[in-house]
Amino acid sequence: MSTETASTVRHFVTYSGVSLPLNLTSPLEEADLRNRITFYRAYYDVADRMTACEKVVYGEIESAHHYSYYPSGALQQAKVVQVIDEETTLMAYAEDGTLLSSTTLDD
């Protein structure tokens, strides 16, 4: 998975669609976070690709996504962590976007 060595953090209200990486929508400013119960915190690398995303509810991380990419920019791997369920799903993708494997583990 990617490391967030040089990243930008942005916040959003929600996401749309079902494909990965998540398509986050409705950006929030830092000042807006004080009045939010739920929001998404996303980390972007220097190429502006989302490398991680956290769903924050009442100040706690409820779920997290971690992404890595091929040099072409296509999604290579996704790791989806459901904190409450203690469950992690690992997905690998071909460079053309085809899902190669999906494995769910109990943490």
Side-chain angles (χ1 to χ4, degrees):
M1 295 291 137
S2 297
T3 58
E4 283 86 60
T5 53
S7 64
T8 301
V9 178
R10 299 180 197 141
H11 299 91
F12 299 86
V13 174
T14 190
Y15 68 94
S16 65
V18 295
S19 62
L20 297 178
L22 292 178
N23 179 34
L24 299 174
T25 61
S26 303
L28 292 167
E29 298 296 325
E30 280 292 321
D32 298 329
L33 299 178
R34 289 187 296 252
N35 301 321
R36 300 287 316 171
I37 293 171
T38 302
F39 62 90
Y40 290 84
R41 178 185 303 127
Y43 299 86
Y44 294 85
D45 65 14
V46 294
D48 205 35
R49 297 176 298 202
M50 187 188 324
T51 57
C53 172
E54 302 164 333
K55 181 179 182 182
V56 180
V57 180
Y58 290 109
E60 300 290 326
I61 297 172
E62 185 175 274
S63 64
H65 290 211
H66 303 273
Y67 304 117
S68 63
Y69 299 88
Y70 287 102
S72 66
L75 182 64
Q76 182 176 23
Q77 293 180 329
K79 176 181 174 183
V80 178
V81 179
Q82 297 296 331
V83 176
I84 291 174
D85 297 331
E86 297 180 352
E87 184 177 274
T88 299
T89 301
L90 304 172
M91 291 163 274
Y93 293 87
E95 200 161 359
D96 68 1
T98 304
L99 179 64
L100 297 174
S101 66
S102 179
T103 305
T104 300
L105 313 165
D106 293 327
D107 294 336

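Just so it is clear, the model here is predicted, and its values are computed rather than measured.
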Quiz item: Would you say the side-chain atoms of Ser16 and Asn23 include a donor-acceptor pair closer than 3.5 Å?
Solution: yes
Quiz item: Heavy atoms, side chains only, cut-off 4.5 Å: are Lys79 and His65 in contact?
Solution: no
Exercise. To the nearest 0.5 Å, tell me how far Tyr93 OH sits from Gln76 CD.
Key: 12.0 Å
Self-check item: Heavy-atom pair with the smallest gap, counting every atom of Ala78 and Leu20
Solution: CB-CD1, 3.8 Å
Practice problem: Output the distance between atom CD (Gln82) and atom OG1 (Thr89), rounded to the nearest 0.5 Å. | Solution: 7.5 Å
Exercise. Could I get the full list of salt bridge (Lys or Arg N to Asp or Glu O under 4.0 Å) partners for Asp48, not counting sequence neighbours?
Key: Arg10
Practice problem: Output, in order, the C-alpha distance, side-chain angles, deciding distance and verdict of side chain to side chain contact (heavy atoms under 4.5 Å, CB included) for Tyr67 and Thr51. | Solution: CA-CA 5 Å; Tyr67 304 117; Thr51 57; 5.6 Å; no
Practice problem: Could you check Glu86 against Asp106 for side chain to side chain contact (heavy atoms under 4.5 Å, CB included), going step by step and ending with a plain yes or no? | Solution: CA-CA 6 Å; Glu86 297 180 352; Asp106 293 327; over 6 Å; no
Quiz item: Can you list the steps and then say if Glu87 with Val81 is a side chain to side chain contact (heavy atoms under 4.5 Å, CB included)?
Solution: CA-CA 6 Å; Glu87 184 177 274; Val81 179; over 6 Å; no
Practice problem: Look only at the side chain of Asp96 and the backbone of Thr98, and say whether a donor-acceptor pair between them is shorter than 3.5 Å. | Solution: yes
Quiz item: Roughly how far, to the nearest 0.5 Å, is the CD atom of Glu60 from the OG1 atom of Thr38?
Solution: 12.0 Å
Quiz item: Do the side chain of Ser7 and the main chain of Tyr44 share a donor and acceptor less than 3.5 angstrom apart?
Solution: no
Practice problem: Show the numbers, then the answer: is there a side chain to side chain contact (heavy atoms under 4.5 Å, CB included) between Arg41 and Phe12? | Solution: CA-CA 7 Å; Arg41 178 185 303 127; Phe12 299 86; over 6 Å; no
Quiz item: Would you say Thr25 and Val13 make side-chain contact, with heavy atoms under 4.5 Å?
Solution: no
Quiz item: Asp32 side chain to Glu29 main-chain N or O, any donor-acceptor pair under 3.5 Å?
Solution: yes
Self-check item: Nearest heavy-atom neighbours spanning Leu99 and Ala92
Solution: CD1-O, 3.5 Å
Self-check item: Cluster link Val56 to Leu33, ILVMFWY, side chain under 4.5 Å
Solution: yes
Exercise. Determine, using ring centers only, whether Tyr15 and Tyr40 are less than 6.0 Å apart.
Key: yes
Quiz item: Can you tell me how far the CE atom of Met91 sits from the CG atom of Leu100, to the nearest 0.5 Å?
Solution: 12.5 Å
Exercise. Could you identify which residues cluster with Tyr58, counting Ile, Leu, Val, Met, Phe, Trp and Tyr as linked when any side-chain heavy atoms lie under 4.5 Å apart, either directly or through a chain of such contacts?
Key: Ile37, Val57
Quiz prompt | Set of residues satisfying salt bridge (Lys or Arg N to Asp or Glu O under 4.0 Å) with respect to Glu95, sequence neighbours excluded | solution = none
Self-check item: Which atom of Tyr69 lies closest to which atom of Pro21, heavy atoms considered
Solution: OH-CG, 3.7 Å
Quiz item: Quick one: SG on Cys53 to NE2 on His66, what's the gap to the nearest 0.5 Å?
Solution: 9.5 Å
Exercise. With rounding to the nearest 0.5 Å, note down the distance linking OG1 in Thr104 to CG in Leu90.
Key: 8.0 Å
